[in-house]
Trainee: 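Dropping a structure here in structure tokens format, bear with me for questions.
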Amino acid sequence: MSRRVRKAIIPAAGLGTRFLPATKTIPKEMLPIVDRPTILLVVEEAVRAGIEDIILIAGRQKTAIEDFFDVSYELEDKLERDGKLEYLGILKRVRSLANVISVRQKQPLGLGHAVYCGRSVVGDEPFAVLLGDELMSSRANEETTTETLAKTYVATGLSTVAIMEVPESETSKYGIVEGETMSDGTLRVRNVIEKPARGQTESRWALPGRYVFSSKIFNYLENTKPGKNGEIQLTDAMMQVAREDGLLGSRFQARRYDAGDKLGYLQANIELALDNPELAAGLKTYLKQLVQKI
Ligand code: G1P
């Protein structure tokens, strides 16, 4: 069976409570980083890794995401008639990036359940999972995080997840993996703990929301009981992958932002605007002046 990773699940059923009232009528995945919704940045990362099918696990009131990746006939027609071909090109590119397949998660039972909702679309293939709250920014000449994981999967046939080192004070915010670092720098995962309490682990290896799994994880998810916070946790199924099949942890090159957090979201906006040739010079001048004032 081919090890090529062609499909990605993007869970997008969350209510975006932390960004209320903005997210009362706009899905949090549509909040912009400069001029692109966060979901577009995540889909672009996946596409750069060779992903063709994006499986969006959506809830109610998320149709704006589906519309975003669809044809907007009136808008495209108007832009064409007005000769605004640059904008037209941007829209056409967005809608041809990938096949976006939407699946409803009818009850908020946890991340593990959200991923399980994609089972029948993924079938018997390896697949990536990208959490939309986490943004990974890679330069054009760098490998994206999903690409790094997919490459390791192709080379080893083992499920591989992104890991990053965090200070002890932050371990309780993440899924944490424990294991042994191998000579090539990858981690052989021995244990996975969802948001450990202080002192529960020595490990500082946190999961920043990028994964590549073999389809076997669905067998484990099928039988995963509610865990931490009464939710079906992806990390509990990962623990079984680690035990039964082997699980690797891989570091990554990308700059990562927690866009699910207001400060992280602002940081992503500022840093990505500094990468934007149209905005960089003006923003730099403004930031320098601002820093002198505060
Ligand atoms: C989820 C996962 C956790 C992971 C985190 C990354 O938690 O359960 O293992 O480290 O995403 O953002 P959440 O942030 O949804 O509570």
Side-chain angles (χ1 to χ4, degrees), residues 2-14 16 26-33 35-72 90-106 111-138 143-151 153-154 159-162 207-215 217-218 221 234 252 254 256-257 259-260 268:
S2 165
R3 286 186 185 167
R4 223 185 112 210
V5 185
R6 296 187 314 115
K7 296 183 176 175
I9 290 182
I10 302 184
I26 301 168
K28 68 172 171 178
E29 294 78 8
M30 293 303 295
L31 295 178
I33 303 291
D35 51 7
R36 282 134 86 211
T38 55
I39 186 87
L40 177 57
L41 299 174
V42 177
V43 169
E44 282 173 339
E45 178 193 330
V47 168
R48 276 176 64 181
I51 302 288
E52 295 162 8
D53 293 344
I54 299 287
I55 302 148
L56 202 68
I57 311 295
R60 281 188 292 278
Q61 300 192 325
K62 296 283 184 160
T63 47
I65 307 177
E66 290 162 34
D67 292 344
F68 179 74
F69 289 103
D70 195 1
V71 179
S72 171
I90 294 173
L91 295 190
K92 284 189 172 169
R93 180 184 161 271
V94 166
R95 68 166 153 83
S96 357
L97 267 178
N99 307 315
V100 178
I101 301 152
S102 185
V103 176
R104 283 284 179 109
Q105 184 187 19
K106 293 176 187 153
L111 180 60
H113 177 255
V115 170
Y116 188 75
C117 289
R119 181 178 200 166
S120 59
V121 185
V122 169
D124 216 2
E125 290 185 37
F127 65 101
V129 176
L130 294 90
L131 303 190
D133 281 347
E134 304 270 355
L135 295 182
M136 299 272 182
S137 166
S138 310
E143 213 168 70
T144 67
T145 305
T146 301
E147 212 172 342
T148 304
L149 304 181
K151 275 192 179 168
Y153 183 85
V154 169
S159 294
T160 307
V161 299
L207 299 166
R210 294 293 185 274
Y211 318 80
V212 166
F213 294 119
S214 102
S215 61
I217 195 169
F218 289 126
L221 281 170
L234 183 61
F252 52 92
R256 170 255 171 200
Y257 306 94

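As the structure is a computational prediction, the values presented were derived from the model and not from experiment.
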Trainee: Taking Ala12's backbone N and O only, do any of them form a donor-acceptor pair with Lys62's side chain (distance below 3.5 Å, no angle check)?
Mentor: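 Between the backbone of Ala12 and the side chain of Lys62 there is a qualifying donor-acceptor contact (under 3.5 Å).
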
Trainee: Hey, could you give me the OG/CD distance between Ser138 and Glu44, rounded to the nearest 0.5 Å?
Mentor: 11.0 Å

Trainee: Just so I know, are the side chains of Met136 and Pro208 near enough to count as touching, which here means a heavy-atom distance under 4.5 Å?
Mentor: yes

Trainee: Evaluate the criterion side-chain hydrogen bond (donor to acceptor under 3.5 Å, both in side chains) for residue pair Thr146 and Glu45; output intermediate values, then yes/no.
Mentor: CA-CA 7 Å; Thr146 301; Glu45 178 193 330; 2.6 Å; yes

Trainee: Mind listing the closest non-hydrogen atom pair of Val47 and Leu97 along with its distance?
Mentor: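 Scanning both residues completely, I find the closest heavy atoms to be CG2-O, 3.8 Å.
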
Trainee: With side-chain contact (heavy atoms from CB on, under 4.5 Å) as the test, would you mind laying out the steps for Val100 and Phe68 before giving the verdict?
Mentor: CA-CA 10 Å; Val100 178; Phe68 179 74; over 6 Å; no

Trainee: Keeping Arg210 on the side-chain end and Leu131 on the backbone end, is there a donor-acceptor pair under 3.5 Å?
Mentor: yes

Trainee: Indicate the ring-plane relationship of Tyr116 and Phe218, choosing parallel, tilted or perpendicular according to the 30° and 60° boundaries.
Mentor: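 The rings of Tyr116 and Phe218 stand perpendicular, inter-plane angle above 60°.
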
Trainee: Check whether any side-chain N or O of Ser214 sits under 3.5 Å from a backbone N or O of Ser159 as a donor-acceptor pair, and report yes or no.
Mentor: no

Trainee: Just verifying a value: how many Å separate Leu234 CG and Leu207 CG, rounded to the nearest 0.5 Å?
Mentor: 8.5 Å

Trainee: Quick check: do Phe69 and Val43 have side-chain heavy atoms less than 4.5 Å from each other?
Mentor: yes

Trainee: Taking Val121's backbone N and O only, do any of them form a donor-acceptor pair with Lys7's side chain (distance below 3.5 Å, no angle check)?
Mentor: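 It does hold such a pair.
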
Trainee: side-chain contact (heavy atoms from CB on, under 4.5 Å) for Tyr211 and Val115? Distances and angles first, verdict last.
Mentor: CA-CA 11 Å; Tyr211 318 80; Val115 170; over 6 Å; no

Trainee: For Glu143, does the CD atom have more than 12 heavy-atom neighbours from other residues, nucleotides or ligands under 6.0 Å away?
Mentor: yes

Trainee: If I take atom CE from residue Met30 and atom CD1 from residue Ile39, how far apart are they, to the nearest 0.5 angstrom?
Mentor: 8.5 Å

Trainee: Where is the tightest heavy-atom contact between Leu111 and Pro11, given as atom of each residue plus distance?
Mentor: CD1-CG, 3.7 Å

Trainee: List the steps and the verdict of side-chain contact (heavy atoms from CB on, under 4.5 Å) for Leu149 and Val161.
Mentor: CA-CA 7 Å; Leu149 304 181; Val161 299; 5.6 Å; no

Trainee: Restricting to non-hydrogen atoms, name the atom on Arg6 and the atom on Glu125 that form the minimum distance, rounded to 0.1 Å.
Mentor: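 Shortest heavy-atom contact: NH2-OE2, 2.7 Å.
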
Trainee: As an exercise, state the distance from CD of Glu29 to CG of Leu56, rounded to the nearest 0.5 Å.
Mentor: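 Those atoms lie 7.5 Å apart.
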
Trainee: Which heavy atom of Arg36 sits nearest to which heavy atom of Leu40, and what is that distance?
Mentor: CG-CD2, 3.6 Å

Trainee: Taking all non-hydrogen atoms of both residues, which atom of Arg104 and which atom of Cys117 are closest, and how far apart?
Mentor: O-SG, 4.4 Å

Trainee: Which atom pair, heavy atoms only, marks the closest approach of Ala49 to Thr144?
Mentor: CB-OG1, 4.2 Å

Trainee: If you measure from CD1 on Ile54 to CD1 on Ile10, what distance do you get to the nearest 0.5 Å?
Mentor: 4.5 Å

Trainee: Quick check: do Tyr257 and Leu41 have side-chain heavy atoms less than 4.5 Å from each other?
Mentor: no

Trainee: For the atom pair CG (Leu135) and CD1 (Ile33), what is the distance rounded to the nearest 0.5 Å?
Mentor: 5.0 Å

Trainee: Does Asp53 form a side-chain contact (heavy atoms from CB on, under 4.5 Å) with Phe127? I'd like the steps, not just the answer.
Mentor: CA-CA 10 Å; Asp53 293 344; Phe127 65 101; over 6 Å; no

